[in-house]
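We name chains A, B, ... by the order of the sequence lines, and we start the count at 1 in each one. Bear in mind that the values here come from a model prediction, so they are computed numbers and not experimental data. Because only heavy atoms are used, hydrogens play no part in the values below, and waters and symmetry mates are left out as well, while side chains stay in.
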2 protein chains.
Amino acid sequence: MQNQFRCSCPCTSALDIVGDKWTLVIIKDMILLNNRTFKDFSESDEAIATNILSSRLKMLLEYEIIRKEKLPDNKQKNIYILTQKGLNLTPVIIDLIIWSDGNLRENHSTLLPTAQLDSVKNDKESFISMLIENYKKRNWKR
Amino acid sequence: MQNQFRCSCPCTSALDIVGDKWTLVIIKDMILLNNRTFKDFSESDEAIATNILSSRLKMLLEYEIIRKEKLPDNKQKNIYILTQKGLNLTPVIIDLIIWSDGNLRENHSTLLPTAQLDSVKNDKESFISMLIENYKKRNWKR
DNA sequence: CCGGATCCGTTTCGATACTG
DNA sequence: CAGTATCGAAACGGATCCGG
């Protein structure tokens, strides 16, 4: 299969990644819901098709925003883990959630997993750092 | 023509807008380059096709992220102006630019209009406020 | 069952030509 | 200049298949 994406054109990388509904959903659910397996993602509320999911995971691997590992206790299961580069997208995700909450009052359930919102608005910077540190503690055990 | 977008589903609004390469490009160029006319957008570096541009402007109007006006001194020319809701996306854009600069070193010209980067990294919050205030001063004259 | 890959009809994109 | 129409190409996404 040909690449469906153009890593050969780095100047548009940021928009390939963030300017795409599905990569954004995947990254958001990794950070906020700690999704890790193919199954986790394919069962998410946003109902991504498996072929699309597959193509996006490849793209994110290619960009080194995530990496692929085996579960230490279950060598069968593949898991996808955010790299530092991927975790660095946390501020973008959080700002998007804050915007969504403030400006799309009707319904923002897609972007808001919990009642963490107050905490976010209270001190955004520490909330972001906390998310990143918690993520690393849970998933970066080597 | 049928609507190409589904405003009937507000729960995915944020991703319709930000999870789309072109709406993101349009908003970014409004904030950073003060693009205002159809021509401005269609001549931007990213080379958006006129039909796509047209559909995205309609979508952004529908979401009230921009509004359409006539130039006061030239009743012929349509201009598109960010609303408050649209301007509230500035933090998302800026965070994306910062991420792009820090993590896609190869080439980030698409997202970086000027050498304002140092200023951003120095004090992000005031830079964002400044961008928004400047935008209003230039475009919100009634 | 899980992690995908393949197939295939439908939708959307996007380059260009065209119109008022 | 500000869009709209056209049309082939690409992407989507539901269903299905398949190896482990």
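B:Glu69 has its CD atom 17 Å from the C1' atom of D:dA2, to the nearest Å. For the pair B:Met59 CE and C:dT12 P, the computed distance is 12 Å after rounding to whole Å. Nucleotide C:dA5 holds its C1' atom 12 Å from the CG atom of A:Leu53, rounded to whole Å. Straight-line distance from the CD1 atom of A:Ile52 to the C1' atom of C:dT10: 13 Å, rounded to whole Å. The separation between A:Lys21 atom NZ and D:dC12 atom P is 11 Å, rounded to whole Å. Protein atom CG of B:Asp20 is 9 Å distant from nucleotide atom P of C:dG14, rounded to whole Å. Atoms CG (A:Leu15) and P (C:dG14) sit 12 Å apart, rounded to a whole Å. Residue A:Asp16 contributes atom CG, which lies 11 Å from atom P of D:dA11 at whole-angstrom precision.
Side-chain N/O atoms of B:Lys58 include one lying less than 4.0 angstrom from OP1 or OP2 on D:dT4. OP1 or OP2 of C:dG3 sits under 4.0 Å from a side-chain N or O of A:Lys77. OP1 and OP2 of C:dC13 both lie 4.0 Å or more from every side-chain N or O belonging to B:Trp22. At D:dG3, none of the side-chain N or O atoms of B:Thr50 fall inside 4.0 Å of OP1 or OP2 (strictly under the cut-off). For D:dC1, the OP1/OP2 oxygens have no side-chain nitrogen or oxygen of B:Asn78 closer than 4.0 Å. OP1 or OP2 of D:dC12 sits under 4.0 Å from a side-chain N or O of A:Arg56. Between A:Lys39 and C:dC1 there is no side-chain polar atom (N or O) within less than 4.0 angstrom of OP1 or OP2. An OP1 or OP2 oxygen of D:dG3 is reached within less than 4.0 angstrom by a side-chain nitrogen or oxygen of B:Lys68.
Of the candidate nucleotides D:dG13, C:dG14, D:dA2, D:dA2 has the atom lying nearest to any side-chain atom of B:Phe38. Considering only side-chain atoms of A:Thr37, the nucleotide from C:dG3, D:dT4, D:dG14 that sits closest is C:dG3.
As judged by a 4.0 angstrom heavy-atom cut-off over every strand, B:Phe41 is placed among residues making no nucleic acid contact.
Every residue meeting the salt bridge (charged side-chain N to carboxylate O under 4.0 Å, His left out) condition with A:Glu69, not counting sequence neighbours, appears here in chain and number order: A:Arg67. When the side chain to side chain contact (heavy atoms under 4.5 Å, CB included) test is applied to A:Thr37, the partners found at least two apart in sequence or on another chain are A:Lys39, A:Asp40, A:Lys77, A:Ile79. The side chain to side chain contact (heavy atoms under 4.5 Å, CB included) search around B:Lys136 returns B:Gln84, B:Leu87, B:Ile132, B:Glu133, B:Trp140, not counting sequence neighbours. Contacts of A:Asn51 classified as side chain to side chain contact (heavy atoms under 4.5 Å, CB included), with partners at least two apart in sequence or in another chain: A:Ala49. Under the salt bridge (charged side-chain N to carboxylate O under 4.0 Å, His left out) criterion, A:Lys68 pairs with no residue at all, not counting sequence neighbours. Residues forming a salt bridge (charged side-chain N to carboxylate O under 4.0 Å, His left out) with A:Arg138 (at least two apart in sequence, or on another chain): none. Listed by chain and residue number, B:Asn34, B:Arg36, B:Ile81, B:Tyr135 satisfy the side chain to side chain contact (heavy atoms under 4.5 Å, CB included) test with B:Asn139 (two or more places apart in sequence, or in another chain).
Comparing the start and finish of the helix from C:dC1-D:dG20 to C:dG20-D:dC1, five pairs each, the helix axis swings through 20°, to the nearest 10 degrees.
Put simply, the side chain of B:Leu53 reaches to within 4.5 Å of the side chain of B:Phe38, judged on heavy atoms. In this structure, the side chains of A:Leu24 and A:Ile93 come closer than 4.5 Å at one or more pairs of heavy atoms. The shortest distance between side-chain heavy atoms of B:Ile26 and B:Tyr80 does not fall below 4.5 Å.
Evaluation of atom-type donor-acceptor distances gives no pair under 3.5 Å for the side chain of B:Ser42 against the base of D:dA2.
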Anything under 3.5 Å between a protein N or O and an N or O of nucleotides 6-8 of chain D, put it in a table, one pair a line.
| residue | atom | partner | partner atom | Å |
| --- | --- | --- | --- | --- |
| D:dT6 | O4 | B:Asn51 | ND2 | 3.4 |

